[in-house]
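See structure below.
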Amino acid sequence: MIRLENIWKTYEMGDQKLHALREINEEIRTGEHIALIGPSGSGKSTLLNIIGCLDQPSQGSYSFDDTEIAHRTPQELADIRLHELGFIFQAFHLVPRLTALENVTLPMLFAGIPKAERLERAKSVLASIGLEPWFDHRPAELSGGQKQRVAIARATVMNPRVLLADEPTGNLDSDSGAQVLELLNERNRQGITLITVTHDPNVARQAHRVLVLRDGSIVRHIEGTHLQSLSELFTGFDSMDSPSD
Amino acid sequence: MLGSDVLQFSATALLQHRRRTLLSLTGVVIGVTAVIFLTGLAEGARRYVFDQFSSLGSNIIIVIPGKTETSGAMPGVGSAPNDLTLNDTLALQRELTGVRTVIPVAAGNDTISFGERRRQVVVLGTTHEFLKARDLTLAHGSFLPKAAMDRGSQVIVIGDTVSRELFLGQDPVGQVLRMGGRRMRVIGVMAKEGERMGQDIDDMVFAPVSTVMQLFNRSTLFRIMVEQHAYTDQEYTKARIISVLRERHGDEEDVTLITQDAVLDSLGGILRALSLGLAGIGAISIAVAGIGIMNVMLVSVSERRAEVGLLKAMGATRRQILAIFLAEAAMLSTAGGVIGLGFGWLLLQILRIIYPVLPAATPLWAVVSVIALAVCTGPLFGVIPAWRASRLDPVLALQRK
Ligand SMILES: Nc1ncnc2c1ncn2[C@@H]1O[C@H](COP(=O)(O)OP(=O)(O)OP(=O)(O)O)[C@@H](O)[C@H]1O
Ligand SMILES: [Mg+2]
C-alpha cells in the first residue's frame, strides 16, 4: 500500500547540503505494524512526515495505494490526510481551549460532517477507550496518558487506514505508555496499518518489522525472532543520542 | 467545513483571550461610536435648522433691506441705501398679482410693565395677516385687528412667557400694560410656540405696525413678508417684487429676497458636507483600527503555529485555515461595530436628554455604511495574517523548538 522508491530529502543550509533521507526504498503492506528506530537526527520523523503527506521528498517517488503522491495539489494531500491517515504526536497536540470531546470532533469538522453526527461518533470512540468521564475536560485537566488516548481517538475517528505515531509514548510513564501502546496495537489488529517512530525497545519489539535508520538511510531490517535482540541496538544508539532531545 | 462550524471554532479562539480580544476591538468601537454620534449630531443640527426654517412656509418670500451678493445667504450684510417703508408695502400690495397678502414687519426692543413687574421683550409691529402667514396660534383673545396699516391702535398681543411672567396666571386679556410710556390694552395671548427661526416667539409682543413705528420713532421697516398663492410661480413673484421696488428706489436693486427653499438648500448643503466630513473622519479611524486587528491576528497566528500545524495534519485545507482566521478577524470587527453602534446610540440618548431641542438621530445611510465598513475591516486587514496561517509548513509548525 505504501511504496517508497529512491526517496531523498535534502535541506540546503546556506551552501551546505543536509541529507535528512538518502535513497530510501521500502514497501509497507496493509495491516503491517512498522517501527522506525534510529539515533536522534537519523531522519525518522522526516520519513514519517513524508509517508503522512505532510512533507514532500526532494527526490524519488512515493505511491500510496498505487497512486503517485508527488505532483498532488495541497488540496488533494489534505484530503488524503483527512480520510486515510491519522497522526499521533509525542507532544499530544490537543487544542488546549477545547474539551476532550471537542478535540475528537475536530477532523470531522473539516470533513463537513454535521454536528450531531460528530458528537455521536466522538462520544462512541472516546467511550470505547474508557474516557467517558472525561468528555468535558480540557487537556490541562487530563493526565499524559489520557491526553494521548484522546489524541488516538481523534486520529482514528475518521476511520483512517494508516496511523502514524511519532514517539507516542515519549512523554509518558511506563504504565500509561503501555496502555497507549496496547490501544495502538489493538487498532493494528483491527487492520489499520501502524507506523511508529520510537526510542523504546519495548515499543519496537511489538512491531512486525523494525526499520533502523542511520544518517538518513535504512541500515537494517529486523523481523521475526531477531526482534528479541533489539535492546542491544538501542544501547548502541544511546551513546549517539543528543541528550537535548 | 460548514460556515457555522468555522464561526464556532473561531469564537473559541477569541473567547480564550478575552482581554486581547477586547483590546483589539476598542479601535473599531471608538471609530464606530464616533461616526454614529457625530453624524447623529450633524443630522440633529440639520433637522433643527430645517424645522426652524420650514416654519417659514414655502409660499412666503421675505424682503429685507440691503443687497447681499450671495443669494440665499443670511440677511443683514451689505449697506441699505434705501430702507423699506410702509409705502413700499402698499405699492407691492397694489402691483403684485397672484399674491395673497403683503405684510409689513417693524421690530424693536422695549420694556413693558404691568404694575410692579417689568420685562424686556422683542416688539413686532405687523398686521392682522401675520398670524396666519406665519402659522402661529392664539391661546385666547384675538390677534391684531384688521385695519389700514397706517392706523395704529393701542392694542397688544403677548407671547406665552410674557403672559405668565407679567400676569402670573391672571387672565391678561382686557388688562392694560405700559410700553414706552404708552398704555396698551392686551387683546390676545399667543399659544406656546417655542423658538422659530432662532427667535423665542413666547417672549415677544405684537402690536399694529404703525404704533410700533411711532413708538420707536422710525419710518422704516424691519422686513416685508409676501405671501403668494400656492399656484403662483415663485420666480415670477420674486422678479416682480424686485422690479416694483427698483422702480421706487431710484432704479437700484437694494433688497434681498429670502425664501425657505433657498435657505434650506444652502444650509442643507453645508450640513450635509459637515456630516459627510465627520463620517469620513470616523471611517478613517475605523480603517486605522483595522491595523490594530491585523496586529492582534498576527500575534494570534504565531502563537497558534502548533495548532495550525495540527489542523493541517488532521486534513484541514489551506482554504479552511484561511476561513478560520478570516472569520476570527470578521468577528472581531463586527463585534466592535455592534458595540460601537450601542455606545453611539447611548451617547445620542444622553445628548437628547441634555439638549432636547436638538433632534439628534443618526441617518440610516451612516448606520448602514459604518456597520458595513466595520464588518469588512476585519477580513480586509485579516487577510495577511490568515494567509500566513494557511501557508504555514505543518512540519515546521509542529516541531518543538
Ligand atoms: N526544516 C529543517 N531544516 C533543516 N534541517 C532539518 C529540518 N528538519 C529536519 N532537519 C534535519 O534533518 C535531520 C533529520 O531530522 P528528523 O527530525 O527526521 O530526525 P529524527 O530521527 O526524527 O530525530 P529525533 O529522534 O531527534 O526526533 C536532522 O539532522 C535535522 O536536523
Ligand atoms: Mg523525530
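We name chains A, B, ... by the order of the sequence lines, and we start the count at 1 in each one.
Going from atom CG of B/Leu398 over to atom CZ of A/Phe87 covers 8.5 Å, rounded to the nearest 0.5 Å. Between the CG atom in A/Leu106 and the CD atom in B/Glu307 there is a gap of 8.0 Å [rounded to 0.5 Å]. Rounding to the nearest 0.5 angstrom, the gap separating the NZ atom in B/Lys312 from the CZ atom in A/Arg81 is 7.5 Å.
The environment of CZ in B/Phe343 is sparse: at most 12 heavy-atom neighbours from other residues, nucleotides or ligands sit within 6.0 Å. Atom CZ of B/Arg20 sits in a crowded spot, with more than 12 heavy atoms from other residues, nucleotides or ligands closer than 6.0 Å. By the neighbour-count criterion of 12 heavy atoms within 6.0 Å, atom CZ of B/Arg319 is sparsely surrounded, having that number or fewer from other residues, nucleotides or ligands. Atom CD of A/Gln16 is surrounded by 12 or fewer heavy atoms from other residues, nucleotides or ligands within 6.0 Å. The number of heavy-atom neighbours closer than 6.0 Å to CH2 of B/Trp387, taken from other residues, nucleotides and ligands shown, is 12 or below. No more than 12 heavy atoms of other residues, nucleotides or ligands sit less than 6.0 Å from atom CD1 of B/Ile384.
Taking every heavy atom of both residues into account, A/Pro96 and B/Gln16 meet most closely at CG-NE2, 4.5 Å. A pairwise comparison of heavy atoms in A/Ala78 and B/Ala316 identifies CB-O, 3.9 Å as the closest pair. For B/Ala313 against A/Leu54, the heavy-atom pair with the smallest separation is CA-CD2, 3.7 Å.
Looking only at heavy-atom pairs under 4.5 Å with chain B, the residue among A/Leu82, A/Ile113, A/Leu85, A/Leu98 that has the most is A/Leu82. For chain A, the option among B/Asp393, B/Asp5, B/Leu311 with the highest count of heavy-atom pairs below 4.5 Å is B/Asp5. Ranking A/Lys115, A/Met108, A/Arg154, A/Glu102 against chain B, the residue ahead of the rest is A/Arg154, based on heavy-atom pairs under 4.5 Å. Of the listed residues (A/Gln75, A/Arg97, A/His83), the greatest number of heavy-atom pairs within a distance under 4.5 Å of chain B belongs to A/Arg97. Ranked by heavy-atom pairs under 4.5 Å with chain B, the list A/Leu164, A/Thr46, A/Leu94, A/Asp55 is led by A/Asp55.
A/Glu117 is linked by a side-chain hydrogen bond (donor to acceptor under 3.5 Å, both in side chains) to A/Arg121, counting only residues two or more places apart in sequence or in another chain.
With a 4.5 angstrom heavy-atom cutoff, A/Ile80 does not touch chain B via any of its atoms. Of the atoms belonging to A/Pro107, heavy atoms from both backbone and side chain fall under 4.5 Å from chain B. There is no contact between B/Ile321 and chain A, counting heavy-atom distances below 4.5 Å.
Applying the salt bridge (charged side-chain N to carboxylate O under 4.0 Å, His left out) test to residues at least two apart or on different chains, the pairs with a partner in residues 62-79 of chain A are A/Asp65-A/Arg161.
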